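Heads up: the structure comes next, in structure tokens.
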Amino acid sequence: MALDTKQDTRTEFKIVGTRVPRPDGIDKVTGRARFGADMSAPGMLVGRVLRSPHAHARIVSIDTAAAAALDGVHAVVTRADFPDIPLDAALADIRDNCMAGAKALYDGHAVAAVAATSESVARQALKLIKVDYEPLPHVTDVDRAMDPGAPALHEGRTDESVPEDMSPNVMARYEFGHGDVEAGLKKADRVLRRTYRTEATHQGYIEPHACLAQMGPDGQADMWCCTQGQYMVRDTCAAILGLRQGQVRVTASEIGGGFGGKTTVFLEPVALALARKAGRPVKMVMSRSEVLRATGPTASSSIDVAVGMAADGRITAGFAELRYQGGAYPGSPVELGAMAAFAPYDLENVRTIGWDVVANRPKQAAYRAPGAPMAAFAVESAIDELARGFGLDPLEVRLRNAAREGTRSAYGVTFPAIGLEATLRTARDHPHWGAPLGDNQGRGVACGFWFNFGGNTCVSLNIASDGTVNVTEGNPDIGGSRASLSMMAAEELGIPYEQVRTVIADTASLGLNDVTDGSRVTFAVGLATIEAARAAKREMCRRVAGLWGIDEEAVVWKDGAACPAGPNAGDHDPMTLAEIAAIAPNTGGPIAGHHEVNAEGAGVSFATHMVDVEVDPETGATRVLRYTVFQDAGKAVHPDYVEGQFQGGAAQGIGWALNEEYIYGEDGILQNPGFLDYRIPVASDLPMIDTVILEIPNPGHPYGVRGVGETSIVPPLAAIANAVSAAAGVRMTDLPISPPKLRRAIETA
Amino acid sequence: MDYHAPTTLDAAVDILAGASGDCRVLAGGTDLLVRMRSDMAHPDAVVDIKRIASLRTITEEDGGWRIGAAVCGAEMGEHAGLRAAWPGVVEAAQLIGSTQVQGRATIVGNLCNASPAADSVPAMVAAGALARIAGPEGIRDVPVEEVPTGPGKTSLGHGELVASIFLPDRAERSGDAYLRFIPRTEMDIAVAGCGVSLTLDEDGGIIRARVALGAVGPGVMVVAEAGRMLAGSHLREGGLQQLATICSAAARPITDKRGTEHYRTHIAGVLARRAAVIAYARAGGTLE
Amino acid sequence: MSKLHVTTTVNGEVQEFLCEAEETLLDVLRDRLGLTGSKEGCGTGDCGACSVTVDGRLICSCLMLGAEAEGREIETIEGMAEGETLHPLQRKFIDMAALQCGICTPGILVAAKSLLERNPDPTEEEARYWLAGNLCRCTGYDKIIRAVLETAADMREAS
Amino acid sequence: MVKVRVWGSLQSATDGRAEVEIEAGTLRELLDGLAEKYPALRPQLDRGVSVAIDGKVYNDSWFTPISPESEVVLLARLRGG
């Protein structure tokens with residue numbers, strides 16, 4: 001068989017790169033699509049969680065008797081209902097986060113849950129649960145948590161990388177880099193040393209967490225929930241509740257946004273424990289206040305930076321010490337921040353140190369390029385300030401120092417062909433860069449980097465007897481992936497896009513798929529889809545070879561049909577996929593292709609963002625006037641949704657830079673657990689967000705695809721801060737740049 | 001909880017007066033339902049007043065305008081006559097929440113919710129608006145600033161409700177304006193707000209002025225000194241700066257998640273100055 | 001606790017339901033009438049995902065009691081398409097990729113339809129302010145606003 | 001022998017060396033070899049690492065071949081959102 005097997009990246013496409021309508025579009029514009037809270041089951045109970053009103057407290061006792069006795073209450077669970085199974089540290093933390101053990105570690109930490117016949121009965125029952133708390137001193141600020149005398153959340157959790165004299169809240173230390181930073185700084189004409197801070201922000205998905213669980217007396221469990229990974233839910237719930245993975249079948253509903261925040265569990269093990277105890281289906285839906293208090297925001301950070309620059313703009317050395325608090329458990333993304341901080345630059349001397357710190361806040365969850373935006377904010381602000389100080393063009397300075405193919409990155413890897421310079425050059429040549437600015441207006445630029453990855457992936461592709469094709473995959477469609485996967489399948493098979501339907505499997509119907517994260521779906525699931533299509537094509541060529549009585553090698557797949565090829569193939573009319581499918585029972589049975597892989601080789605990605613703002617010096621208010629994203633997407637499978645990822649990441653970054661923050665009172669209680677005071681950007685806050693897609697193919701993917709979803713949130717924090725600093729004439733080093741903060745800076749300048 | 005939907009004002013008063021537990025008036029519901037949802041209010045009964053026809057209208061009365069307690073912000077915005085007479089009050093009402101909230105929220109609800117940051121209240125106070133209170137003892141009219149007595153508290157007695165707001169007859173060459181500051185462009189609670197209403201003589205000199213501040217004290221504040229300072233003046237740069245200074249000095253804000261004391265004090269002055277400029281222009285004055 | 005009996009019209013059909021006095025219209029639509037197209041993103045009127053119209057006026061159904069629906073005309077996302085024919089806004093949202101995850105989409109469509117009924121030729125700024133109470137976290141609003149403005153232009157041309 | 005770069009805070013486990021040499025032809029042999037030669041690396045290896053081989057990142061694929069000329073860099077375990 002002379003199927004095209006060369007590994008070169010394909011560059012000519014018929015369907016990939018077009019803007020077809022997404023297959024789930026009609027469901028989603030008519031209200032028919034079923035999201036997490038839209039599921040129901042006969043006999044369903046309502047589950048609700050009782051949450052700690054204290055930032056830090058020992059749980060002396062919990063009395064659930066009165067709640068359990070209330071008419072309509074079918075189950076009450078506390079930590080005592082979760083078997084004390086030995087778990088690895090990460091899973092044990094998830095269990096403790098879903099249901100507190102000895103201590104409540106933050107305001108909103110779950111301490112008990114009930115299942116009742118109605119919402120109002122469930123609420124009443126929660127009020128009847130008596131928890132005896134012994135309040136403990138608390139700490140929510142990262143720098144204070146690192147003080148040796150700070151209230152300790154855990155004892156003995158610190159890993160071997162941490163020096164002994166530090167606060168027990170310091171969990172781990174990371175160090176990356178190469179060269180001699182001190183020597184490099186000495187060569188600089190100017191060394192800038194500053195401390196930058198960012199507040200925690202929440203992913204802010206509009207759909208609260210929701211889950212429906214049931215478990216029969218036969219021990220077979222079924223769950224429906226909104227998640228970025230149904231297999232992750234299955235495996236985590238099974239481990240925590242002492243079940244076998246095969247006992248638990250999880251179906252992912254449509255998902256109303258995740259951005260990393262739905263890559264772990266909060267309600268699911270609780271719902272399953274309630275359902276097991278009640279013997280009836282239990283549905284749990286979080287309120288917005290619960291989402292903000294008890295699900296994972298990202299880390300807050302405090303970052304010291306020292307950058308040396310020669311008068312010509314060459315960076316002689318870069319240093320950053322990053323401190324991230326990731327809430328009440330180890331695992332802030334500080335190591336990723338420390339790796340990504342200087343990644344866009346070709347530096348002889350670079351060192352970053354990261355400290356993972358715990359504090360009395362909700363356990364952080366991944367948020368779009370976790371750890372990178374804060375690091376980029378610090379480094380890109382410092383580079384900008386140095387460049388402006390020398391009177392140099394900040395884009396030119398970045399170009400002069402830009403990482404390129406062959407650069408040894410700050411985190412150790414030598415880069416292959418990358419797109420950073422292309423984004424910078426395109427930005428420099430774009431009309432936005434030279435456009436005039438008015439009074440109180442400023443322009444900022446910043447670069448960003450993200451790793452991207454692949455991971456475990458299964459795809460099954462089945463051809464029906466009329467030639468229609470079903471692609472079965474295992475990652476929820478969070479923003480158009482059914483469309484992009486159908487496109488790749490259709491492209492590979494040479495059939496119309498409309499002939500393919502992609503569905504998302506439950507955990508019992510397909511093998512393991514890692515969570516939808518790391519911008520992996522279009523890359524990894526796309527790769528597996530293409531390989532599954534290739535397997536189906538090989539099978540179809542084999543069937544046709546049998547029909548024609550020639551060697552398999554003499555049949556090739558071309559334009560959606562099997563064709564004879566080569567000198568000995570003979571004269572045969574091409575057979576289309578539909579024609580082959582129609583006679584499949586006669587030629588060996590159903591035709592399918594499948595592919596299972598732990599996909600490696602995701603390409604790194606870079607972006608440059610440019611923004612104009614106008615500052616009202618009297619009020620400190622900032623208005624975003626114009627925004628342009630330049631990003632390397634690899635091959636853009638569906639350009640609309642690539643642009644959408646660029647725009648969405650930029651908008652989230654703008655929110656992080658200007659108005660979003662976790663505000664804690666002195667009592668350690670979250671002050672703003674609602675969309676009223678947790679201020680995500682609204683439509684009237686933003687301008688159109690222009691996008692320029694650069695397509696530098698990723699050699700690790702047959703179509704050149706690379707992840708695009710995360711990189712776009714990395715540059716905006718610094719781009720906005722640089723623009724505001726230019727407009728207001730004061731350097732802003734503390735996010736968010738809320739109006740009171742900016743006004744204060746202007747007053748004291 | 002009991003739900004009542006009387007069709008006459010008397011019936012509403014009877015229900016309120018006869019209630020033994022916590023009985024709340026439900027107009028737009030945009031505050032009450034949020035409080036119920038957040039477990040901050042557990043009424044035993046609500047009295048929905050939207051089926052009382054007389055509370056659903058905007059009517060001209062003695063040259064002024066009477067706005068029923070069940071009239072929502074959107075309806076005020078759609079009323080050309082009201083908008084022409086009291087643009088500042090209408091724009092303040094329309095700053096409450098989103099388009100969706102505008103479809104429900106009322107200025108009477110905004111007043112009786114008694115939040116220090118209520119947007120429509122400083123504008124109504126600057127306008128010299130009267131609240132008509134209906135109760136078991138009959139009807140009485142009081143200046144709107146006398147209705148809220150502190151955060152979440154009103155002067156209404158048992159069985160009483162505010163039935164309407166009256167905006168008085170407008171003299172020639174009058175204008176009003178309301179400005180608030182919020183961190184975003186929409187959807188936030190005011191960090192500070194300021195309503196200004198003034199009347200000019202034929203030469204553009206200010207005859208009368210009223211200035212009210214919101215969100216910088218436990219309740220709406222009438223800044224009498226600002227009104228006195230403006231009266232008899234033309235609006236010039238020095239005067240505007242003086243107005244800002246007076247309003248900042250009058251402000252008694254707290255520091256909370258929405259702003260610091262220092263910031264709110266400053267913003268109160270900025271808003272007063274900017275609102276005065278708009279009101280002055282609306283009154284037909286020309287700034288030099 | 002005795003329930004209230006309410007008769008109302010939803011998407012042109014007369015509906016009767018029983019509800020508790022505390023239940024919101026959103027609860028009733030989703031849990032009693034099976035109309036789960038209206039979403040709850042906040043329950044406090046801050047996100048707009050539950051937008052419906054009542055007697056032609058755009059509101060958040062989480063901020064209205066179910067009992068208040070007596071005798072009203074309610075329109076939800078489920079009533080926006082006429083049979084198989086999508087509303088031009090629905091068609092345009094698909095064509096222009098004005099949705100990513102889709103959770104805010106029903107509320108935004110209901111709100112945008114209400115805008116175009118009142119103002120067939122909105123400016124970008126008018127559209128942005130009208131929709132400021134409809135949060136979207138995926139798109140940065142760009143494609144949503146473009147789709148609304150393009151639909152308005154198409155509908156003006158068609159009329 | 002394959003040269004492996006280790007990040008700064010792991011160098012206390014590799015006698016201060018930023019680059020160590022391991023006899024390995026595959027990723028699994030590399031990870032096993034590291035744990036054997038530098039037992040102090042074990043806690044981190046157990047918690048998880050990613051490995052960049054000639055610029056491509058691998059998480060778990062044991063059979064990934066590594067040649068003596070390959071650039072091999074140990075990375076903190078990658079996560080995403």
Side-chain angles (χ1 to χ4, degrees), chain A residues 88-90 159-161 172-178 203 228 258-261 263 298 331 333 335-336 338-339 351-354 365-371 408-409 411-416 450-456 515 517-520 597-598 600-604 700 707 709-710 713, chain D residues 2-20 22 26-28 30-31 34-35 38-67 69-81:
Chain A
D88 74 33
D159 83 18
E160 71 286 350
S161 62
R173 176 182 183 277
Y174 297 90
E175 185 182 329
F176 301 93
H178 55 254
Q203 297 82 356
Q228 287 178 249
F259 316 106
T263 58
T298 188
E335 78 283 14
L336 302 179
M339 288 160 75
R351 188 162 70 247
T352 57
I353 296 169
Y367 181 18
R368 210 168 194 158
R408 182 170 166 190
S409 70
Y411 62 96
V413 172
T414 303
F415 283 131
W450 186 243
F451 304 93
N452 298 326
F453 52 83
N456 292 295
V515 290
D517 72 349
S519 306
R520 71 175 218 94
V597 65
N598 186 356
E600 314 275 21
V604 298
E710 291 172 286
I713 200 173
Chain D
V2 177
K3 291 193 186 72
V4 185
R5 275 183 214 149
V6 299
W7 72 79
S9 37
L10 292 186
Q11 290 164 21
S12 60
T14 57
D15 309 325
R17 273 191 281 255
E19 196 164 85
V20 299
I22 299 291
T26 66
L27 181 56
R28 182 180 191 183
L30 178 91
L31 295 172
L34 278 170
Y38 300 102
L41 281 176
R42 272 193 188 156
Q44 181 61 48
L45 294 173
D46 289 346
R47 284 192 297 269
V49 293
S50 295
V51 182
I53 302 168
D54 294 324
K56 274 190 174 185
V57 176
Y58 297 83
N59 278 339
D60 309 290
S61 299
W62 282 351
F63 306 150
T64 307
I66 304 177
S67 76
E69 303 80 50
S70 294
E71 180 198 67
V72 180
V73 184
L74 223 51
L75 303 175
R77 180 84 175 184
L78 294 183
R79 295 176 280 164

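Residue numbering restarts at 1 for every chain, and letters A, B, ... go by the order of the sequence lines. Values in this document were obtained by computation on a predicted structure and should not be read as measured data.
- Interface summary for chain A: among D:V6, D:D46, D:D54, D:N59, the most heavy-atom pairs under 4.5 angstrom belong to D:N59.
- Nearest heavy atom pair, residue D:G81 against residue A:A366, reads CA-CB, 3.8 Å.
- Residue A:R368 touches chain D through its backbone alone, counting heavy-atom pairs closer than 4.5 Å.
- Only the side chain of D:R5 comes within less than 4.5 Å of a heavy atom of chain A; its backbone N, CA, C and O stay farther away.
- Taken from CG in D:L10 to CD in A:E175, the straight-line distance is 10.0 Å, to the nearest 0.5 Å.
- Of all non-hydrogen atoms in A:G412 and D:E71, the two that sit nearest each other are O-OE2, 4.0 Å.
- For chain D, the nearby part of A:F453 is the side chain; its heavy atoms alone come within less than 4.5 Å.
- Comparing A:D88, A:T263, A:D159 by heavy-atom pairs within less than 4.5 Å of chain D, the highest count is held by A:D159.
- Heavy-atom pairs under 4.5 Å with chain D peak, among A:E710, A:R408, A:R520, A:Q228, at A:R408.
- Considering A:D517, A:L336, A:N452 in turn, A:L336 is the only one that fulfils the side-chain contact (heavy atoms from CB on, under 4.5 Å) rule with D:L78.
- Between A:E335 and D:R79, some side-chain heavy-atom pair lies under the 4.5 Å cut-off.
- Using a 4.5 Å cut-off between heavy atoms, D:R47 touches chain A through its side chain atoms alone.
- Put simply, of A:G354, A:G518, A:S161, the one with the most heavy-atom pairs under 4.5 Å next to chain D is A:G518.
- Neither the backbone nor the side chain of D:S12 comes within contact range of chain A; no heavy atom of the residue lies under 4.5 Å from a heavy atom of that chain.
- Between chain A and the options D:S50, D:A13, D:G80, D:A52, the largest number of non-hydrogen pairs under 4.5 Å is found for D:G80.
- Looking at D:A18, neither its backbone nor its side chain comes within 4.5 Å of chain A, counting heavy atoms on both sides.
- Ranked by heavy-atom pairs under 4.5 Å with chain D, the first of A:T352, A:V413, A:V515 is A:V413.
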* **Verdict with reasoning, A:Y411 to D:L75, per side-chain contact (heavy atoms from CB on, under 4.5 Å)** => CA-CA 8 Å; A:Y411 62 96; D:L75 303 175; 3.5 Å; yes

